[in-house]
Structures are given as structure tokens and as C-alpha cells.
There are 2 protein chains.
Amino acid sequence: MTGTYVDDLSVAGQAISLRSLVADRLRQAIVTGRFPPGSQLRERELCELTGVSRPSLREAFRILEAEGLIATAPHRGPVVTAMTVDEVGHLYALRRLLETFAAREFARRRRPEDIVALKRAVKRLDEIEATGSPFELLEAGTTYYSAIAAGSGNPYLAQALGTLHNRIKLIRFISLQKEGRAQGIESLRILGDAIVAGDEEGAERIVSEHLDRIAVLARAIVESGYALPSEPAVTI
Amino acid sequence: MTGTYVDDLSVAGQAISLRSLVADRLRQAIVTGRFPPGSQLRERELCELTGVSRPSLREAFRILEAEGLIATAPHRGPVVTAMTVDEVGHLYALRRLLETFAAREFARRRRPEDIVALKRAVKRLDEIEATGSPFELLEAGTTYYSAIAAGSGNPYLAQALGTLHNRIKLIRFISLQKEGRAQGIESLRILGDAIVAGDEEGAERIVSEHLDRIAVLARAIVESGYALPSEPAVTI
DNA sequence: TACAAGTTTTTTGTATGACAAGCTGGTCAT
DNA sequence: ATGACCAGCTTGTCATACAAAAAACTTGTA
């Protein structure tokens with residue numbers, strides 16, 4: 001009867017604990033710019049916003065700290081991490097290494113369920129390419145990258161890539177609002193084709209070139225202090 | 001006057017907080033086998049052992065959980081992570097990807113201070129190769145790998161490699177007690193030479209071959225349930 | 001004896017209140 | 001204006017409490 005039922009009946013990947021819920025919410029708030037890089041997170045304030053007690057909030061802080069989203073200075077509390085231009089370069093260098101490997105592995109393995117997930121992600125991107133909001137595009141892109149990571153079949157690689165993506169999600173979000181939104185969707189489409197076709201070299205090359213392109217944009221965004229074009233930089 | 005003074009005057013990298021001290025101690029205990037894979041970590045017990053309160057201990061748990069050293073099931077508390085044979089394969093595949101990249105980057109950049117640290121690490125390995133205890137060899141090896149990671153110049157890569165190494169440190173420790181201790185030190189020596197000489201291809205090749213070799217040993221150790229040869233497997 | 005159901009005990013998850021330590025910003029004197 | 005000092009606030013840590021869930025134990029039954 002195996003195969004009749006889904007393999008995994010777990011509702012949420014992790015059990016529902018308050019700390020993980022809080023961590024999820026805070027992560028979302030950080031990567032979408034509600035708490036911009038450099039801003040302080042005060043316990044009092046966040047306890048009221050989230051409705052949880054200090055211990056639970058502080059445990060959530062430790063999770064986000066380990067992910068690199070916040071940095072905690074002693075007796076000064078957590079601050080949302082801000083990257084320098086050099087750090088963005090390093091981050092994208094590592095992302096390139098991991099993502100080219102993931103794409104190549106995906107093209108080599110091609111597990112059916114991973115292929116299905118990938119095609120679904122591409123389809124979703126196609127659907128909202130014209131009509132979708134930047135936020136919808138952001139989430140669709142995240143789904144796509146997760147599909148690539150999962151398709152590698154390597155859970156450690158997938159986790160490392162997930163962490164990396166969280167660190168650059170805000171940059172992607174700004175980029176989507178700044179540049180023409182369809183910036184790199186074409187690349188994702190042809191990458192999907194290459195993977196489905198089992199073209200390892202092609203997949204690796206496409207990822208490589210794609211990342212080299214958007215790394216330039218990312219660098220520019222950090223250089224301008226994570227600023228959107230609409231909101232003028234604070235000069236006083 | 002730049003260059004006359006050291007760039008970084010910070011005394012301790014991280015501030016001394018109880019949670020980080022506790023996390024350090026627990027990490028050390030886990031990776032040296034005091035809490036073997038699969039063992040449960042009870043709050044009560046560890047509060048007494050460490051002398052800290054439950055909130056501080058729980059914050060330390062979240063740090064170790066994010067590092068993948070423990071896994072927490074709801075209402076059952078943290079358990080020291082045990083890898084399957086497949087997972088070891090994935091872990092070493094990722095390690096190979098990251099470490100070859102680090103070695104290559106190191107050989108390309110060759111910053112003087114990194115070279116000094118590397119030479120010092122090799123020297124230390126040479127000194128204790130014959131006389132040192134397995135634990136000393138373990139720590140010397142860790143220092144060596146940290147030097148490689150730091151030499152890449154990429155902090156994100158270094159962090160990812162550090163996390164990976166924590167996850168396999170116990171396997172290395174068992175391996176050092178099991179096999180002839182000088183197992184792979186020769187490889188580390190010639191890798192150091194290649195990096196110092198700026199031989200990128202050579203460095204990458206040496207790391208690759210070295211990791212392929214020890215991955216086999218790691219797989220065997222996990223297959224046997226992290227068992228040392230001296231202590232017989234529990235069969236009843 | 002073996003087994004199953006129910007109950008007690010233990011452990012985790014979370015909240016509250018408390019207090020020391022250290023940072024921040026303002027005030028005051030020079 | 002500069003520097004020292006002080007009040008207020010925030011974080012770091014602890015002790016305690018209690019609900020909920022799991023684990024262990026007891027008890028009754030076949």
C-alpha cells in the first residue's frame with residue numbers, strides 16, 4: 001500500500017512551538033524590510049507585538065542569530081545584520097558555488113517529484129510575471145530556489161542555501177521593486193529546461209551566468225544602503 | 001600610520017554571555033562523545049551540571065539546534081543528532097565542495113597572516129603526530145581546518161565549514177582512536193605546501209582526494225553506530 | 001504470566017516577577 | 001564647549017509557577 005498515501009503526514013515541518021512561530025514571523029519581517037538592516041530589536045517592544053513572553057522571544061532571537069539575520073552586542077540587544085559591499089561579494093561567491101552544484105546535481109538525479117516541483121515553480125513564475133506584485137514575485141522566486149535546492153537531493157546543501165537565501169531575500173525584494181521586475185525570470189525558465197533535459201553542463205553554466213549578473217545588482221543595492229529608488233536617501 | 005597598529009582591537013570575538021559559554025561547553029561535550037548521538041539532553045540534569053538556569057540553558061539549546069548538533073522533538077526535548085550513512089555521504093559531498101573551493105581560494109589569495117597561521121597549524125600537527133593524544137590530534141586538526149577556512153577570505157564560507165566540521169568532529173575523533181592516528185596528516189602537509197606555493201589546481205586535487213579517502217572511513221564509522229573498536233557493540 | 005487500560009510522575013513549554021549589570025542620554029560644573 | 005556625573009532604560013540572568021504532554025508505573029483482567 002506504500003505509495004497510496006503521502007510519505008510525510010507531518011503538518012508543519014517543525015512542531016508548532018511558540019519560539020519557532022515567533023522566529024518565523026520575525027524572519028519574515030526582517031527579510032521584507034519591516035525591520036531594515038541596522039535597526040535595533042527591543043525585547044519589550046517585540047514582546048508586545050508578538051504577544052509572547054521574554055524567554056520565548058529570546059529563544060527566537062538565538063535562532064535568528066544563528067542564521068545570521070541578527071547580531072547581538074552585549075547589553076545592547078539584537079540588531080538586524082547589515083552587509084558591506086565586500087560581504088555581498090563573498091555571499092554571492094558562496095551562493096554561486098552552492099547553487100551551481102545544486103543545479104548540476106539536480107540535472108544529474110532528476111527525481112520525478114523534484115521535477116514536478118520545479119515545473120510548478122516555473123509555472124507560478126510565468127503566471128505572475130506580468131500581473132503579480134513584487135511580494136508575490138519574491139515568494140515565487142523563493143519557491144523556485146527552494147525547488148532547486150531540494151532537487152539536489154542533499155539536505156545539508158539545501159539548508160545552507162536556504163540560510164543564504166534568507167540573508168539576501170531583502171536585497172532581492174528591493175531589486176524586484178527597483179529594476180524591471182522580469183529581470184531574470186527568463187534565466188530561471190531556461191535553467192528549468194536544462195535541468196529537465198539532464199544537461200548538467202548547461203545548468204551549471206546558466207546558473208553561473210545568472211548569478212554573475214544579479215550579483216552586480218545586489219552589490220549596487222547594498223552600496224546605496226538598501227535604499228529603494230522611491231525613498232530618497234537620508235542625507236541629514 | 002595604518003599598519004603600525006593591529007586592525008582589530010576587540011578582545012573577545014563574542015561577548016561573554018552565559019548562553020554562549022554553555023553552548024560552547026555542550027558543543028564540546030557532544031563532539032567529543034560525552035553525549036553520544038541519540039542521547040537525550042534533560043534540562044534538569046544539564047542545569048545542575050552547568051550551574052545555569054533553565055532560560056539560559058534553553059537559549060544554548062537553540063544555538064546548538066541551529067547548528068544541527070541537536071534536534072528537538074516537541075515535549076521530548078533535545079536529542080543529539082545521529083547521522084545515517086546516506087547523510088554522511090551528503091555531508092562529505094558538501095564538505096568536499098566547500099573545502100576544495102576554500103583551498104583553491106587560499107592558494108590564489110595567499111594573505112601573509114593566513115599563511116603564517118597555516119604553517120603554524122602544520123607545525124603543530126607535526127609535533128604531536130607521534131606523541132600526542134587523540135584529543136590533541138583532534139584539536140590540532142580542527143585548528144588546521146580553521147586555518148584553511150579562514151585563508152579563503154570568505155567569512156560565510158568559513159562559517160559554513162565550521163558548522164560542517166562540528167557535525168563530523170565526533171567521527172574524526174573516533175577515527176583518530178580507531179585507525180592509525182597518522183591517517184591523513186601527510187595529505188595536510190602537502191596541501192599546505194601546495195597552498196603556500198600558490199598551486200590552485202594542486203590544492204584542489206589534494207583536498208579532493210583526501211576527502212574521498214576519509215569519507216569512506218567516516219561512512220564506516222557511522223555504519224557501525226559511532227562505535228569505538230574497544231567498546232563492543234551492545235547486542236542485547 | 002501476559003497484556004491492556006488507567007493513573008501517577010516526570011519533563012517540557014511558557015509565563016511572570018525580580019534584580020544586577022551595563023548602556024544611553026541628559027545635566028551640571030568647569 | 002568639554003568633561004564628569006547621574007538618572008532612566010534595556011538587557012542578562014535567575015527563581016518560581018503552572019499547563020500540557022510524554023513516560024513510567026500500577027492495577028485489573030484474561
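Naming: A, B, ... by sequence-line order, numbering from 1 per chain.
Distances shown here put every side-chain N or O of R76(B) at or beyond 4.0 Å from the OP1 or OP2 atom of dA22(D). When the side-chain nitrogen and oxygen atoms of R42(B) are compared with OP1 and OP2 of dT12(C), none of them lie within a distance under 4.0 Å.
Applying the side chain to side chain donor-acceptor pair (under 3.5 Å) test to every pair with at least one member in residues 49-58 of chain B, sequence neighbours left out, gives these pairs: E59(A)-R58(B), E43(B)-R54(B), E43(B)-R58(B). Evaluation of the side chain to side chain donor-acceptor pair (under 3.5 Å) test over residues 148-168 of chain A, restricted to residues two or more places apart or in two chains, returns E99(A)-H165(A).
With dT11(C), dT14(C), dT13(D) as the candidates, the nucleotide lying closest to the side chain of S53(A) is dT14(C). Considering only the side chain of H75(A), dC23(C) comes nearest among dC23(C), dT13(D), dT14(C).
S175(A) contributes no side-chain N or O that, together with a main-chain N or O of I171(A), makes up a donor-acceptor pair within less than 3.5 Å. The backbone N or O of A220(B) sits nowhere less than 3.5 Å from a side-chain atom of E223(B) that would complete a donor-acceptor pair. Formation of a donor-acceptor pair under 3.5 Å by the Q28(B) side chain with backbone atoms of R25(B) is not found in this model. Of the possible polar contacts, none joining the E48(A) side chain to the E45(A) backbone as a donor-acceptor pair under 3.5 Å is found. The closest donor-acceptor contact from the side chain of T72(B) to the backbone of G77(B) lies at 3.5 Å or more, if one exists at all.
For the pair Q40(B) and Q40(A), nearest-nucleotide mapping onto DNA chain C gives the more 5' position to Q40(B). Summary of the strand contacts: G51(A) and P78(B) both lie near DNA chain C, and taking for each the nucleotide with the nearest heavy atom, the more 5' one is attributed to P78(B).
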Less than 3.5 Å apart, which donor and acceptor atoms pair up between the side chains of residues 138-145 of chain A and the rest of the protein, not counting sequence neighbours?
residue: E139(A); atom: OE2; partner: K169(A); partner atom: NZ; Å: 3.4
residue: T142(A); atom: OG1; partner: L138(A); partner atom: O; Å: 2.9
residue: T142(A); atom: OG1; partner: R172(A); partner atom: NH1; Å: 3.2
residue: T143(A); atom: OG1; partner: E139(A); partner atom: O; Å: 3.0
residue: Y144(A); atom: OH; partner: L188(A); partner atom: O; Å: 2.7
residue: Y145(A); atom: OH; partner: R95(A); partner atom: NH2; Å: 3.2

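dC14(D) atom C1' lies 10 Å from atom CG of L18(B), rounded to whole Å. Per the geometry, CD belonging to E43(B) stands 10 Å off P belonging to dT11(C), to the nearest Å. A straight line from CG of L41(B) to P of dT10(C) spans 20 Å, rounded to a whole angstrom.
The side-chain hydrogen bond (donor to acceptor under 3.5 Å, both in side chains) test applied to R219(B) returns no partner, not counting sequence neighbours.
For the segment residues 54-62 of chain A, residues with any heavy atom less than 4.0 angstrom from an atom of DNA chain C are, sorted by number, R54(A), P55(A), S56(A).
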Quick one: which protein N/O atoms are closer than 3.5 Å to N/O atoms of nucleotides 7-9 of chain D? Pair and distance per line, please.
none

